There are 2 protein chains.
Amino acid sequence: MKTHTESEENYIKALYHLGGDQPVSNGDLAQRIGAKGSSVTQAVKRLGQKDLVDVVPYKGVQLTAEGVRLAKAILRKHRLWETFLVDKLGFGWEEVHPLAEQLEHIQSEELVDRLFQFLGSPKHDPHGDPIPERDGQMPPVLGQPVGAFVTGNEIRIVRVEDAGTEFFDQLDTMNINLGNTYMVQATSAFDASVQLSSTSGSFWLSKDMCANIYAIRL
Amino acid sequence: MKTHTESEENYIKALYHLGGDQPVSNGDLAQRIGAKGSSVTQAVKRLGQKDLVDVVPYKGVQLTAEGVRLAKAILRKHRLWETFLVDKLGFGWEEVHPLAEQLEHIQSEELVDRLFQFLGSPKHDPHGDPIPERDGQMPPVLGQPVGAFVTGNEIRIVRVEDAGTEFFDQLDTMNINLGNTYMVQATSAFDASVQLSSTSGSFWLSKDMCANIYAIRL
DNA sequence: TTTTTATTTTAGGCAAAGCTAAATAATATT
DNA sequence: AATATTATTTAGCTTTGCCTAAAATAAAAA
């Protein structure tokens, strides 16, 4: 169990996000990391020497099996810390991402295991995203976009996309949270918006909101 | 509120540990940090440019007011995280130091404040060391070495020195914990050891153990 | 007070991680 | 197929932070 720099871990994370175990272009990686292409070329060269990625010059970079394993371990930490911050410390889901980006680099198997237990062995984080298991297995990705349901369906919100601060703010002002249940009242053929109702009334969700909110049918 | 590198923070911490707001020699600092003198010379030069320390070449380095403020903020984080690890995650007090050394560098006022609240606004960490307040005030340093009490005193353990793994192991095997109360049964004029008794029996504590265990009289 | 010893600083190197500018390869267009 | 455009890599520079070896300074001993 070698130890890696924060920068290395960020590259691994970005590669996993962009392509999973598939090749990723230098440019896409550069954009995601927020660095220039030339810096990325160097960085992946270093990662290649540690056998975390396979590099084909001018073609692309691809995580090795070990790289994927590491990426999942980091993602596990990230999502566990997010869960801690929201469930235990009372942060809002829009605030936790940058904090988890720092905490995910803390090096300690034992800490992760204990945190996992402390949080009640969660399968999903506060956004509903699956938390990788210790062994790398992934719990199911839950739900379908709200737009996919039809009038009369009873649904429960189970996941939201990380679509930026404004999106989370909108969720907050509309009082929409994971676990909420609604009835699909109507769907607009004009602008693809959806009307939901609950005990506390009914409201319309825009197409863009629907696309980033996932639910299951009850 | 500037942000500092981990290395910088470690120097600040070391300086505070070694001298508080008093000058510290290059050599002592080097030893504490675990780097060569030449590296330290450079490092403190950088810190000087950020007005965190005053440097007098060949003489010594001294934290500025701002440096002391930062040192206390880091110590606060360190001790809050140690408290979290022991109280919430069930780590043993001997395991938490290296973890807290990582966690203390996490950058977020809000996180520290929320953690503090979550832990019940503690004044002392699991070793009994005072946790600096938000504003830099220091709660009292508790207790006197066990060797300072006399036969007949009833005492409560309130603090232990961070005297290394073997010391903590010894505490564990002897089942000595913060909060335990004892009666001083006898003190040896020969080897300065002390006999303590509780409901579960009595035992002798060596001079070296006594020197690292602090208690208050009840 | 001079000399010896110990400490500290300078000088010069190395690796990580970023940058810009120039060169090269791959892709798209005519 | 030849050329133009876009993407990627190379080359060379910067900062942080560590290193070793040599020079300079301060402290201790003679």
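Quantities reported herein were computed from a predicted structural model and do not represent experimental measurements.
Taking the ring centroids of B:His127 and B:Phe168, they lie under the 6.0 Å cut-off. A distance below 6.0 Å separates the ring centres of B:His78 and B:His97.
As judged by a 4.0 angstrom heavy-atom cut-off over every strand, B:Gly37 is placed among the base-contacting residues. Among the atoms of the strands shown, base atoms are found under 4.0 Å from some heavy atom of A:Ser38. Across all strands shown, A:Ser7 has heavy atoms under 4.0 Å from sugar-phosphate atoms exclusively, and none from any base.
Looking at B:Glu66, B:Glu8, B:Glu9 one by one, the single match for salt bridge (Lys or Arg N to Asp or Glu O under 4.0 Å) with B:Lys50 turns out to be B:Glu8.
Rounded to whole Å, the distance from NZ on B:Lys45 to C1' on D:dT16 is 14 Å. Across the protein-nucleic acid pair, A:Gln31 atom CD and D:dT6 atom P stand 16 Å apart, rounded to whole Å. Between the CD1 atom of A:Ile33 and the P atom of D:dT8 there is a distance of 15 Å, rounded to whole Å. Taking atom CG of residue B:Asp28 and atom C1' of nucleotide C:dT7, one finds them 11 Å apart after rounding to whole Å. Straight-line distance from the CD atom of A:Gln42 to the P atom of C:dA21: 17 Å, rounded to whole Å. In this structure, CD of B:Glu9 is placed 15 Å from C1' of D:dT16, rounded to the nearest angstrom. Atoms CG (A:Leu29) and P (C:dA17) sit 14 Å apart, rounded to a whole Å. Summarising the geometry, the separation between OH on B:Tyr58 and P on C:dT8 is reported as 10 Å, rounded to the nearest angstrom.
Comparing atom distances between the B:Ser25 side chain and each of D:dT9, C:dT8, D:dC19 picks out C:dT8 as nearest. Comparing atom distances between the A:Asn26 side chain and each of D:dA21, D:dT9, C:dC19 picks out D:dT9 as nearest. Nearest nucleotide to the A:Lys36 side chain, out of C:dT20, C:dA25, C:dT9: C:dT20. Here the side chain of B:Arg46 is nearest to one of D:dA26, C:dA17, D:dT16, namely D:dT16. In the set D:dT8, C:dA16, C:dC19, C:dA16 carries the atom at the smallest distance from any side-chain atom of A:Thr5. Here the side chain of A:Ala35 is nearest to one of C:dT8, D:dC19, C:dC19, namely C:dC19.
Remark: the B:Thr41 side chain and the C:dT10 base include no donor-acceptor N/O pair separated by less than 3.5 Å.
Shown here are the salt bridge (charged side-chain N to carboxylate O under 4.0 Å, His left out) partners of A:Lys13, two or more places apart in sequence or in another chain: A:Glu101, A:Glu104.
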Indicate every side-chain donor-acceptor pair of residues 15-22 of chain B with a distance under 3.5 Å to a residue at least two apart or in another chain.
from	atom 1	to	atom 2	distance (Å)
B:His17	NE2	B:Arg32	NH1	3.1

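Map A:Lys50 and B:Lys59 each onto its nearest nucleotide of DNA chain C; the residue landing nearer the 5' end is B:Lys59.
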